[in-house]
*Asks:* 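Below you'll find the structure I mean.
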Amino acid sequence: IRLEEMPEEAANLLADWLQDSKKIRFYHETDGDQQTYEAKLTYLGRRFSLEFNTKGVLLDIEELIDFRELPSTAKESITTTLVQSYDKYKIRRVQRQFLPQSTGKALLNTLQSPSPPSGQKENYELEVDVKEGSQMRSYEILFNTEGKMEQRRLIVRRSLDNFLY
């Protein structure tokens, strides 16, 4: 979608610093029950996704990172959980996720910081392909900073998610 199609509060929040961002894209998403708006961009050389509700309230910020960038204790705990839970697994995507406690200029500071400001909860969201018995599945799994699994959601791929040539 275009920036003008984003909720007004979200567009106003984004407008302050979009000029310093690259590869900017806006999306309207629905899972059948919930609708959200998302801005994906590269800011200071880092790839971010900012998700808003239909009223333009910021829900979360996710930064695309490499698994190697996680703290060693979290990596070890996550790896142990995956090894114990699945016959085989492959990590497809890792995002550092946190829930901003403020808006406006504090959002810019949040994105500039390599770690979230104090008082902000940080999680790690992994997209993982797994083998469970004879079944192959994909999950979005949320881990806390200690590497403890908080939530797991099955990813249902539509046939339209794959390009046919």
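Side-chain atoms are counted along with the backbone in the values below, which use heavy atoms only and exclude waters and symmetry mates.
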*Asks:* What's the shortest heavy-atom distance between E62 and Q95, and which atoms?
*Replies:*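 Minimum heavy-atom separation between E62 and Q95: OE1-NE2, 3.2 Å.
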*Asks:* For the hydrophobic clusters of this structure (ILVMFWY residues joined by side-chain heavy atoms under 4.5 Å, transitively), does one cluster hold both Y139 and L142?
*Replies:*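 Shared cluster, no.
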*Asks:* What's the spacing between Q97 CD and L59 CG if we round to 0.5 Å?
*Replies:*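 Taking CD in Q97 and CG in L59, the distance rounds to 10.0 Å.
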*Asks:* Could you tell me whether K148 and E146 make a salt bridge, using a distance below 4.0 angstrom between a side-chain N and a carboxylate O?
*Replies:*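 No, no charged N to carboxylate O under 4.0 Å.
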*Asks:* Using 0.5 Å steps for rounding, measure from the CD atom of E127 to the CZ atom of R153.
*Replies:*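 That separation rounds to 10.0 Å.
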*Asks:* To the nearest 0.5 Å, how far apart are OH in Y124 and CD in E69?
*Replies:*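 Those atoms lie 10.5 Å apart.
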*Asks:* Look up atom CZ in R96 and atom CG in N123, then write down how far apart they are to the nearest 0.5 Å.
*Replies:*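 The distance works out to 11.5 Å.
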*Asks:* So does R137 pair up with E132, basic N to acidic O under 4.0 Å?
*Replies:*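 A salt bridge links R137 with E132.
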*Asks:* Within the distance-only criterion (no hydrogens, no angle test), does the side chain of N144 pair as donor or acceptor with the backbone N or O of G147 below 3.5 angstrom?
*Replies:*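 Answer holds: yes.
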*Asks:* Taking the side chain as C-beta and beyond, is there a heavy-atom pair between Y43 and D20 under 4.5 Å?
*Replies:*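 Yes, their side chains come closer than 4.5 Å.
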*Asks:* Under a 4.0 Å threshold between the charged nitrogen and the carboxylate oxygen, would R92 count as salt-bridged to D129?
*Replies:*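 R92 and D129: salt-bridged.
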*Asks:* Is it the case that atom CD in Q19 sees more than 12 heavy atoms from other parts of the structure closer than 6.0 Å?
*Replies:*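 More than 12 within 6.0 Å, yes.
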*Asks:* Are the side chains of I1 and M6 in touch, meaning some heavy atoms are under 4.5 Å apart?
*Replies:*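 Yes, close enough: below the 4.5 Å cut-off.
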*Asks:* Any donor-acceptor pair under 3.5 Å linking the side-chain atoms of Y86 with those of Q84?
*Replies:*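 Side chains of Q84 and Y86: no pair found under 3.5 Å.
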*Asks:* Test of understanding: clusters of I, L, V, M, F, W, Y form through side-chain heavy atoms closer than 4.5 Å, transitively. Do L13 and L44 belong to the same one?
*Replies:*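 Per the 4.5 Å side-chain linkage, L13 and L44 are co-clustered.
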*Asks:* Evaluate the criterion side chain to side chain contact (heavy atoms under 4.5 Å, CB included) for residue pair I24 and L3; output intermediate values, then yes/no.
*Replies:* CA-CA 10 Å; I24 304 166; L3 176 61; over 6 Å; no
*Asks:* Side chains of I78 and L70: closer than 4.5 Å at any heavy-atom pair?
*Replies:*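 They are in contact (side-chain heavy atoms under 4.5 Å apart), so the answer is yes.
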*Asks:* Could you please spell out the steps behind the side chain to side chain contact (heavy atoms under 4.5 Å, CB included) verdict for L50 and L58?
*Replies:* CA-CA 7 Å; L50 294 88; L58 182 63; 4.1 Å; yes
*Asks:* Measure from the side-chain N and O atoms of S77 to the backbone N and O of T73, and report whether any donor-acceptor pair falls under 3.5 Å.
*Replies:*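 Flag not set: sc S77 to bb T73 has no pair under 3.5 Å.
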*Asks:* Please say whether the positively charged group of K40, taken as NZ for Lys or CZ for Arg, lies over the ring of Y27, i.e. under 6.0 angstrom from the six-membered ring centre and within 45 degrees of the axis.
*Replies:*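 So K40 does make the cation-pi contact.
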*Asks:* Could you grab the distance from atom CD1 of I141 to atom OG of S85, nearest 0.5 Å is fine?
*Replies:*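 It is 7.5 Å, given to the nearest 0.5 Å.
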*Asks:* Are I91 and L82 packed together at the side-chain level, in the sense that at least one heavy-atom pair is separated by less than 4.5 angstrom?
*Replies:*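 Touching, per the 4.5 Å side-chain cut-off.
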*Asks:* Quick check: is V83 connected to V130 through a chain of hydrophobic side chains (ILVMFWY, heavy atoms under 4.5 Å apart)?
*Replies:*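 Looking at the clustering, V83 is in the same group as V130.
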*Asks:* Work out which heavy atom in L14 is nearest to a heavy atom in A39; give both atom names and the distance.
*Replies:*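 Closest heavy-atom pair between L14 and A39: CD1-CB, 3.9 Å.
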*Asks:* H28 pairs by side chain to side chain donor-acceptor pair (under 3.5 Å) with which of E38, Q35, E5?
*Replies:*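 Answer to the side chain to side chain donor-acceptor pair (under 3.5 Å) test with H28 among E38, Q35, E5: Q35.
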*Asks:* M136 and K131: which non-hydrogen atoms are nearest, and at how many Å?
*Replies:*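 What the structure gives for the nearest pair is SD-CB, 3.6 Å.
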*Asks:* Indicate the atoms forming the closest heavy-atom contact of T145 with E122, along with that distance.
*Replies:*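 In this case the closest contact between T145 and E122 is CG2-O, 3.4 Å.
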*Asks:* Less than 4.5 Å apart, side chain to side chain, heavy atoms only: is that true for E125 and E140?
*Replies:*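 E125 reaches E140 side chain to side chain.
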*Asks:* Mind checking whether L64 and F67 sit in one hydrophobic cluster, side chains of I, L, V, M, F, W, Y counted as touching below 4.5 Å?
*Replies:*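 No, L64 and F67 fall in different hydrophobic clusters.
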*Asks:* So, for Y89 and V128, which heavy atoms are closest and what is the spacing to 0.1 Å?
*Replies:*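 Between these two residues, the closest heavy atoms are CB-CG1, 3.9 Å.
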*Asks:* Heavy-atom distance under 4.5 Å between the side chains of I61 and F48, does that happen here?
*Replies:*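 A side-chain contact under 4.5 Å exists here.
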*Asks:* What I'd like to find out is whether the side chain of L18 reaches to under 4.5 Å of the side chain of L41, using heavy atoms alone.
*Replies:*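 Yes; the side chains approach each other to less than 4.5 Å.
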*Asks:* Do E29 and E51 have side chains that approach each other closer than 4.5 Å (heavy atoms only, starting at C-beta)?
*Replies:*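 In contact.
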